[in-house]
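Proteins come first, then strands; the chains are lettered A, B, ... in the order of their sequence lines, and each starts at number 1. Computed from a prediction, not measured in an experiment: that's the story for all the values here.
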Amino acid sequence: MPDLAIIIPSVLNGLTTGALYALVALGLTLIYGVLHIINFAHGALLMLGLYAVYYLNTRFGLDPYVCLLIVPPAMFALGYALQRGIIGRAGHGRDENILLVTLGLSIVIENLALFFFKSDTRIIDTPYSFEVVQIIGAFVPEPKVFAFIGAFVTAGLLWALMSFTDLGRAIRALAKERKGATLVGINADHVYAMSFGLGIACLGVAACLLLPSYYVSPQVGQGFVLIAFTIVVLGGMGSFVGALIGGLFIGVVEALSGLFLGESLGQIGIFAIFIVVLIFRPTGLLGHKV
Amino acid sequence: MRTLIILAAVFAALGLVPFFVVSDVWLNIAIMVLYSALLGQAWNMLGGYGGQFSFGHAAFFGTGAYTVAVLQVQYGINPWIGLFAGGLAAVVVAAIIGYSTFRYGLKGSYFALVTLAFAEVLRILSNSVPITGAGVGLLIPLQVAPSNLQFADKGSYYWLVWAMALCAFAAACWIGNSRFGAQLMAVRDNEDAARALGVRAYSVKLRAIMLSGFFSGLGGVFYAQYFLYLDPHIAYGASVSIESLLVPIIGGIGTLFGPLLGAVVLHAISEVSRDLIGDVPGISLVLYGALLVVMVLFLPRGLAGLLIRRKAAPQNRKKQEAEHA
C-alpha cells in the first residue's frame, strides 16, 4: 500500500484531468440530452480544436487562454454546420445511422488531420507551463488548476444558459416533447443545430484549457471518445451534474488504477466501469428511468 | 432455391479465379476481396439480418487470429487445429458479449458502444500479457507446408479464403431461408411484436452473435496465416471493426450478396485511389469514411437497395413473419 504522499498527488492529478474529461463529456451529454444521438466524432472534433489552439499559438503567438475568445465560437459554427448539413439528415429514423455517420466523419477528420498535420505529437510552450501550485502538500501544475476551475465555470455558464435564456428554454422544450415544441413555433432544425453547436463549443473550451498541459496529435481524440462516453453513461445521459461528477470520478479512477496496475493496464478500469454501468444501469447512476 | 443456385454459381465461378489470374498482384487483390466479403458477411449476420450494429467485431477477429497464432508459437499446436480453435474461441467471446448485452436488453447505440468497449479491453489486455507478445506482437515462423496451413503460392491461399467465405455465405443463405432467420429478422423489425408471437428474442440474438463471431474469428485465422504477423492494434484495433461494417453497408445490409458487392466496390475504390493519388498515408481511410457518410446519407439500403428497389424485400419479410405467426 503506497503511502499518502503518493496517493494524494495522484488523486489531485486525477481530479484535474477528470475536470477536463468532464468538459469533453459535457458537450456529449448536452447533444445526447437534446438530440438523443451519440456523437462518435466528438474526439475527432476535440482534436481539431486542439490543432486550432496550437496553430493560433505558434503562428500568431496567441495565448491559449486568449484563444477562448476565438476557438469555441469557431467550433460552435462548425458544429452548427455539421448538424444542419450532414448529421441531421442521416438519421432515417434509426439512431444507429447517426452513430455510423459520425463514425464516418471521425474517420475522415482524423485521417485528413494525419495528411495535413502529419503524425507528429506537438506541444506548446507557455510561460506558465511548468509553474506549480501547492495544494495540501502536493504540487499541481498551474495549467491543470486553471483547467479545473474553467471546467466548473463552463458547466455553470451552460447551466445558466439552459435555465435563463430563450434558447435554453427552447432546447429543453425540444428535448422533452418535439411535437409540442414545434407546434408552439420552435424551429426544431435550428434549435437542434444550436444544441449540437453548443456541445461542440464545449470542446473548443476544453481544447483551450487542455493544450497548455497536454499534447496534440491526429489520434489524440480517440483516447477521449470512450472516456467521454463512459462519463456520460455513468453520470446519466443528458445530466450536466452527472457529467461533472462522472468526469472527476473517472479521472481519479484512471489515476489510481494507473498507480496500482501500471500505465498499460490502467485504462482497463475505465472500460470495465463502462461495460458494467451500461449493462446493469444504462440510465446512469444519476439518470432517470427512461 | 433460386438464391441457392445463384450462390453456387457465383462461388463456382469465383473458385476458378486462380486458373485464369496468374499475376500475384491481382490474385492478392482477389484474396483481399474475398477476405473482406468474409468479414462483411460475418458482420451482416448480426448487423444486417439481426439489426444489432456492432462496432467491435475486432473482438472476434482478433480472438480468432491470436488463438491460431498463440497455439502455434507458444505451444506448437498445428494451425489446422488452430483454425477450428480460433473459430471456437471467437464463438466463446461472442457468447460472453452476447450474454452480457442481450440478457439486459441492450440495443441500438448502446450495444454498438459496448461491443467497441469489449474490443478495447481485449486490445489493452493483449498489449499487456506476455503470451501474446504484448506490444511487440507475434511473428509466426515461416514454415511453408500445406500441413502447416502456409502455402507457397497465392492460389492456395485464395482457395482457403474462398472456402471460408463459401461457408459464411452458405450460412447467411441459410439464415435468409430458415425458421431461425425469419425469427431473427422479426426481432430486427419489431422486437416487441416478435416476442408477442412467441419468438425468444434473447436466444435468437445470442445464436446470431455466436454465428457471426465464428466467421469473424475464421477471418482472423486467415489473416494470421496469410500475413504471419499480429499485434494488438492489428488484431483488436478499430480498422477491422470498421471494415467489417463498411462492406455490408456499401453493398446492402441484410442481403445475401451485399457483402460481396461491397467488398468488390471497396477494393476497386481503394485500388483506383492508390493509382490516382499515390500511397499517401490515411487517404484510403478518408475515402472509407466519406463513403460511409455518403452511403448512410443517400443510400441507407446500400447498392443492393438500388438493384432490388422497394418491391421485393419488405413483402417477403412480411410473408415470412406471417408464416411463423
Could you tell me which portion of B:Leu291 (side chain, backbone, both or neither) has an atom closer than 4.5 angstrom to a non-hydrogen atom of chain A?
-> neither
Around atom OH of B:Tyr288, are there more than 12 heavy atoms of other residues, nucleotides or ligands at under 6.0 Å?
-> yes
Do the side chains of A:Ile275 and B:Phe118 get nearer than 4.5 Å, heavy atoms only?
-> yes
Closest contact, heavy atoms only, B:Gly51 versus A:Glu96 | O-OE2, 4.0 Å
Counting heavy-atom pairs under 4.5 angstrom with chain B, the leader among A:Leu112, A:Val101, A:Leu105, A:Leu103 is A:Leu103
Over all heavy atoms of both residues, which pair between A:Phe274 and B:Leu113 is shortest? Give the atoms and the distance, please.
-> CE2-O, 3.5 Å
Nearest heavy-atom contact between A:Val108 and B:Gly289 is CG2-C, 3.5 Å
Part of A:Tyr32 within contact of chain B (heavy atom distance under 4.5 Å) = side chain
Non-hydrogen atoms of chain B under 4.5 Å away: do they reach the side chain of A:Leu226, the backbone, both or neither?
-> side chain
Atom CG in A:Asn97, atom CZ in B:Phe53: separation rounded to 0.5 Å?
-> 6.0 Å
Interatomic distance, B:Ile242 atom CD1 to A:Ser106 atom OG [nearest 0.5 angstrom] = 7.0 Å
Chain A contact via B:Leu246 - side chain, backbone, both or neither, heavy atoms under 4.5 Å | neither
One should read off an interatomic distance between A:Gln222 CD and B:Glu120 CD, to the nearest 0.5 angstrom, of 8.5 Å
Taking atom NE2 of B:His233 as the centre, report whether more than 12 heavy atoms of other residues, nucleotides or ligands fall under 6.0 Å from it.
-> no
Pick from B:Val293, B:Thr101, B:Val294, B:Leu245: which one has the most heavy-atom pairs with chain A under 4.5 Å?
-> B:Val293
In Å, rounded to the nearest 0.5 Å, how long is the span from CG of A:Leu100 to CG of B:Leu297?
-> 11.0 Å
Atom pair CG (B:Leu116) and CZ (A:Phe40), whose distance is rounded to the nearest 0.5 Å | 5.0 Å
Atom pair CZ/CG of B:Phe55 and A:Leu99 - distance to nearest 0.5 Å = 3.5 Å
So, the part of A:Ile37 with a heavy atom under 4.5 Å from chain B: the answer is neither
